[in-house]
Amino acid sequence: MRCISPLAKRAAAHKLRALFPAMYRTKTCNDLRKDHIGQTVTLCGWVNSRRDHGGVIFIDLRDRDGLTQVVFRPEEHPQVSEASHALRSEDVIQIVGQVCARLEGSGNAKLATGDIEVIASKLRVLNKAEVPPFPLDDPKVNEDLRLEYRYLDLRTAPMLRNLRMRHRIVKTTRDYLDERGFLEIETPVLSNPTPEGARDFLVPSRLNPGTFYALPQAPQQYKQLLQVAGLEKYFQIARCFRDEDLRADRQPEFTQIDVEASFIDDVEIQTLIEGLLVRIFREAKGVEIPAPFPRMTYADAMNRYGSDKPDTRFGLELVDVADVFRDSQFKVFRTILDGGGVLKAINAKGAAAHLSKEQLKKWEEWVKTEFGAKGLAYIKWSVGGEWESPIVKFFSDAEKAALAERMGFVEGDVLFFGADKLEPACEVLGRVRLRCADLLGLVDDTKLNFLWVVDFPLLAFSPEEQKHVAVHHPFTRPNADDVALLEAGEYRKVRAVAYDVVLNGVELGGGSIRIHERALQAKIFEVLGVGPEEQEVKFGHLLKAFSFGAPPHGGIALGLDRLVMLIAGASSIREVIAFPKNNRGVDLMTHSPVEVDFKQLREVYIQSTAKKG
RNA sequence: GGAGCCUUAGCUCAAUUGGUUAGAGCGCUGCCCUGUCACGGCAGAGGUUGCGGGUUCGAGUCCCGUAGGCUCCGCCA
């Protein structure tokens, strides 16, 4: 290597300085229009593409704002043009040049800057680039490759657009809540494990051997304690952590728009959130969504749509046909009905042409293996054909007539039945409903169907644990009208003051009015099987706080990632997170999580029991 | 914990019923080209068909195992 003296280096640097203006750039690649013709500008960016004609060379220069065509003309700037032959995709360059009108008829209507071009008089290569491992503008490239080189993937227009949109949504949220007197307050990331709900991520404490923090699943207790603290209106763009298996719309760390307020009822919170969503959709997507949103009770949602987050963009509702078969000779239906179960059906209009007998068999297999259903009864009525079904032979003529009448069953349709206890019957049929809608193309992508699902049950019985568990969380307020039921031990009939906001069949968020009285909270813990001692150990601080004048309060949390995903029209939550993890919780770029050496573990008093493959 | 689908050149894919030397487009390299914008032309390089084993005269193709990716069920308030 040649040794260059520091003096010579400085001289060279000065020379470069003299060659280029002090600023890296005077314009971005989306700034220049006809008005700028004649100006001398400096641009920086990446070589998006080059078109080398041997003589004249065109470069599309890209920065995060857009593309500008740069022209290297040998007859005007021979040295610079010569150097430009070496430019390759993704090289980072700086050019100085004059803004010129494009030659007659050579404008590019696809580019915002397509009326002009910059004739380069100076070129500085700021950094050469290796050949990219995949074409940046190809949407078909495998996602794992994009995730490994996420910093390249994020250079593409769709990803930039998503991140901008996410920023806009967060900014709008802060503005909106600030205007209404909400204070953004940070809560600890190192906090306590929670006995209820999802698995915690644990963090060992070096200073307190053998003890652990947990990363928060949500800032639930802190947001309530801030109400006891008299802050009255709190919000936070809060990172949350749950160590559970992942899905296309679930990451181990995700972000919630977390809101809590005092002296507020459920309708007020819903109205606040409707206003927020209206504003977000206006500013991020440019659409006006109507508010207030429709309300639907949990019972209605289950009975009509087989889901607690119904997609109401299409009908295909569940219909109760129990009375038709009340006295049926068909034992399967009869046994379930006599045992207090329900019998429901949906009519997939026109589905007969789409579903062969083999496919119907596969659907039955699907509900059995995926959802543990006992079966999926169906009747297919092909155009010009008979009722095809393994079960119609058990139906009387009167039952058949009544069924067809009730369901509007005509040639070309397929009926599906759900027969079981209420919730499993509805849920399975709800899944079949979604699949039918997909099959029949019933989903209108342009619709934005918001709704509130309200009156959730407070408690559900867990067969695994053989006890009652909180449907929402243990701090949820029971409906005042149902307190007598609570006292009487009719736990499953007690409704909660809890609400979910749903968009197109996706749960955007949920919240509740909380319990603020120590005695009522203790009563709920008792029902949940949390004894006085356990209450004291795990929730003592909260119960103590409630004894010092806790105001009535409630709140909600919205899943920011899902919201951005829906607004951006992305199919996966990973498309709206800068550096997401894959479905095994691995960051393919950094390879996180990684093994740590023995010494690092010893410092925090941890010994791994993992068996090495 | 379970189910399904996928893995062939840098990328996206093809390869008939198991049959010759595994192909194409894009990208890349070199040369040519002065108005392109998916520039064009000519030439070239590039392969352990994820990995391991088996069946077979013969395996990208069939079987078993395994790794990785995606989707879903359970799980996730």
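Throughout, a chain's letter reflects where its sequence line sits, starting with A, and its residues are numbered from 1.
Comparing the P positions of A77(B) and A9(B) gives an interatomic distance of 41 Å, to the nearest angstrom. The same atom, P, is picked in A43(B) and in C6(B); the two are 38 Å apart, to the nearest Å. Straight-line distance between the C1' atoms of G46(B) and U56(B): roughly 32 Å, to the nearest whole Å. Distance check on atom P: G23(B) versus G44(B) gives 15 Å, rounded to whole Å. Across G54(B) and A59(B), the matching P atoms stand 12 Å from one another, rounded to whole Å. Nucleotides U8(B) and C62(B), compared at atom P, are 15 Å apart to the nearest Å. Nucleotides U7(B) and A45(B) place their P atoms 28 Å apart, quoted to the nearest Å. A gap of 25 Å separates the C1' atoms of C64(B) and A22(B), to the nearest Å.
N48(A) has its CG atom 14 Å from the C1' atom of G27(B), to the nearest Å. Straight-line distance from the CD atom of E117(A) to the C1' atom of U34(B): 13 Å, rounded to whole Å. F72(A) has its CZ atom 18 Å from the P atom of C37(B), to the nearest Å. Distance, D52(A) CG to G30(B) P: 11 Å, rounded to whole Å. As rounded to whole Å, 9 Å separates atom P of C37(B) from atom CZ of F58(A). When the C1' atom of C39(B) is taken as reference, atom CD1 of I59(A) falls 13 Å away, rounded to whole Å. Note: CG (L111(A)) to P (C39(B)) measures 12 Å, nearest angstrom. Atoms NE2 (H591(A)) and P (G68(B)) sit 13 Å apart, rounded to a whole Å.
At a cut-off of 3.5 Å, with distance as the only test, no side-chain donor of Q251(A) or D561(A) sits close to an acceptor on the other residue. In the model, E575(A) has no side-chain atom that pairs as donor or acceptor with a side-chain atom of S572(A) under 3.5 Å. Using modelled atom types and a 3.5 Å distance limit, the side chains of S121(A) and Q98(A) yield no donor-acceptor pair. Side-chain contact of Y222(A) with Q220(A): a donor-acceptor pair under 3.5 Å is absent, judged by distance alone.
Nucleotide U55(B) forms no Watson-Crick or G-U wobble pair with any nucleotide shown, as no partner meets the under 3.5 Å limit on both distances. Under the Watson-Crick and G-U wobble criteria, each requiring two contacts below 3.5 Å, nucleotide U20(B) is left unpaired. Here G74(B) sits opposite no nucleotide as a Watson-Crick or G-U wobble pair (both hydrogen-bonding atom distances under 3.5 Å). When both distances must be under 3.5 Å, the Watson-Crick or G-U wobble mate of U66(B) is G50(B). Across all strands shown, G44(B) is found opposite C28(B) as a Watson-Crick or G-U wobble partner, with both distances under 3.5 Å. With a cut-off of 3.5 Å on both pairing distances, U36(B) has no Watson-Crick or G-U wobble partner at all.
Applying the salt bridge (charged side-chain N to carboxylate O under 4.0 Å, His left out) test to pairs two or more places apart or on separate chains, those with a residue in residues 148-158 of chain A are E90(A)-R155(A), R146(A)-D153(A), R150(A)-D153(A).
The side chain of P74(A) has U34(B) as its nearest neighbour among U34(B), U29(B), G35(B). Nearest to the side-chain atoms of S89(A) among the listed nucleotides G35(B), G69(B), C28(B) stands C28(B). Residue E75(A) has its side chain nearest to U34(B) when only U34(B), A38(B), C37(B) are considered.
The aromatic rings of Y149(A) and Y151(A) stand perpendicular to each other, their planes meeting at an angle above 60°, with 30° marking the opposite boundary. Aromatic ring pairs are classed by plane angle as parallel below 30°, tilted from 30° to 60° and perpendicular above 60°; the pair W363(A) and F416(A) is parallel. Between F525(A) and F539(A), the ring-plane angle classifies as parallel under the 30° and 60° cut-offs.
Contact annotation: R51(A) reaches the phosphate of C39(B) (side-chain N/O to OP1 or OP2, under 4.0 Å).
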Assess whether side chain to side chain contact (heavy atoms under 4.5 Å, CB included) is satisfied between V471(A) and L458(A), documenting all intermediate values.
CA-CA 6 Å; V471(A) 169; L458(A) 184 71; over 6 Å; no
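Side chains of D266(A) and I269(A) form no contact here, defined as non-hydrogen atoms less than 4.5 Å apart.
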Using a 4.0 Å heavy-atom cut-off to protein, can you give one letter per nucleotide of nucleotides 4-14 of chain B, 5' to 3': B if the base is in contact, S if only the sugar-phosphate is, - if neither?
------SSS--
Can you give one letter per nucleotide of nucleotides 72-77 of chain B, 5' to 3': B if a protein heavy atom sits under 4.0 Å from the base, S if only from the sugar-phosphate, - if neither?
SBBBBB
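Among the protein residues, R584(A) comes within range of the sugar-phosphate backbone only, with heavy atoms under 4.0 Å from sugar or phosphate atoms but none that close to a base. Using a 4.0 Å heavy-atom distance criterion, R102(A) is classed as a base contact. Across all strands shown, G107(A) has heavy atoms under 4.0 Å from base atoms, whether or not it also approaches the sugar-phosphate.
The number of heavy-atom neighbours closer than 6.0 Å to CZ of R64(A), taken from other residues, nucleotides and ligands shown, is 12 or below.
Cation-pi geometry between R435(A) and W366(A) is met: under 6.0 angstrom from the ring centre, within 45 degrees of the axis.
Map R50(A) and N108(A) each onto its nearest nucleotide of RNA chain B; the residue landing nearer the 5' end is R50(A).
You won't find any donor-acceptor pair under 3.5 Å spanning the side chain of R574(A) and the base of C70(B), going by distance alone.
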